[in-house]
Amino acid sequence: MYPLSVHVFQADALFVSALQSSQQPSLSQIRQAIAGALDAYGDAGCAGRVAQEFGDHPESASARMLWARTAAAAASDQFASRMRRMAAADNSAFGRNPATGLSAIRSA
């Protein structure tokens, strides 16, 4: 077995979800669809459904996978960017060293 990127699992989950690109979903809707599909089918179940769809409908599956990869990456990048901004805000609230800030809070 080889290591896979989390983006692969997210794209597979979005691919098998009921969400359609024609709905022009928001990033929040995309993340919810990914979470729902992973909860319902798991990583392996999503991958199996992707494989089945490529076998049954290769002409439409490739376009859907392209959309799923692009949308999943955008949702993941936007989420990661927000988390980095939150971490930076936390660090600036505590000074350069968050551990020092926590020590100061505990001693107060």
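Quick note: numbers below take in every heavy atom, side chains included, and nothing from hydrogens, waters or symmetry partners.
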Please list every donor-acceptor pair under 3.5 Å in which a side-chain atom of residues 45-59 meets a protein atom from a residue at least two apart or in another chain.
none

Please report the closest heavy-atom contact between A75 and R31, naming both atoms and the distance.
O-NH1, 3.6 Å
From I34 atom CD1 to D12 atom CG, the distance as rounded to the nearest 0.5 Å:
10.5 Å
Smallest heavy-atom separation, H7 atom then S76 atom, equals CE1-OG, 3.3 Å
CD1 of I30 to CD of Q10: how many Å apart, nearest 0.5 Å?
11.0 Å
Only pairs under 3.5 Å count here: list side-chain donor-acceptor contacts from residues 63-71, not counting sequence neighbours, and write none if there are none.
{"from": "R64", "atom 1": "NE", "to": "F15", "atom 2": "O", "distance (Å)": "2.7"}
{"from": "R64", "atom 1": "NH1", "to": "L19", "atom 2": "O", "distance (Å)": "3.1"}
{"from": "R64", "atom 1": "NH2", "to": "L14", "atom 2": "O", "distance (Å)": "3.2"}
{"from": "R64", "atom 1": "NH2", "to": "F15", "atom 2": "O", "distance (Å)": "3.1"}
{"from": "R64", "atom 1": "NH2", "to": "S17", "atom 2": "O", "distance (Å)": "2.9"}
{"from": "R64", "atom 1": "NH2", "to": "L19", "atom 2": "O", "distance (Å)": "2.8"}
{"from": "T70", "atom 1": "OG1", "to": "L66", "atom 2": "O", "distance (Å)": "2.9"}

Using the ring-ring contact (aromatic ring centres under 6.0 Å, His included) rule, collect all pairs that involve residues 22-52, keeping only residues at least two apart or in two chains.
none
With sequence neighbours excluded, tell me which residues meet side-chain contact (heavy atoms from CB on, under 4.5 Å) with Q29.
P25, S26
Tell me if the CD atom of Q24 is crowded by more than 12 foreign heavy atoms within 6.0 Å.
no
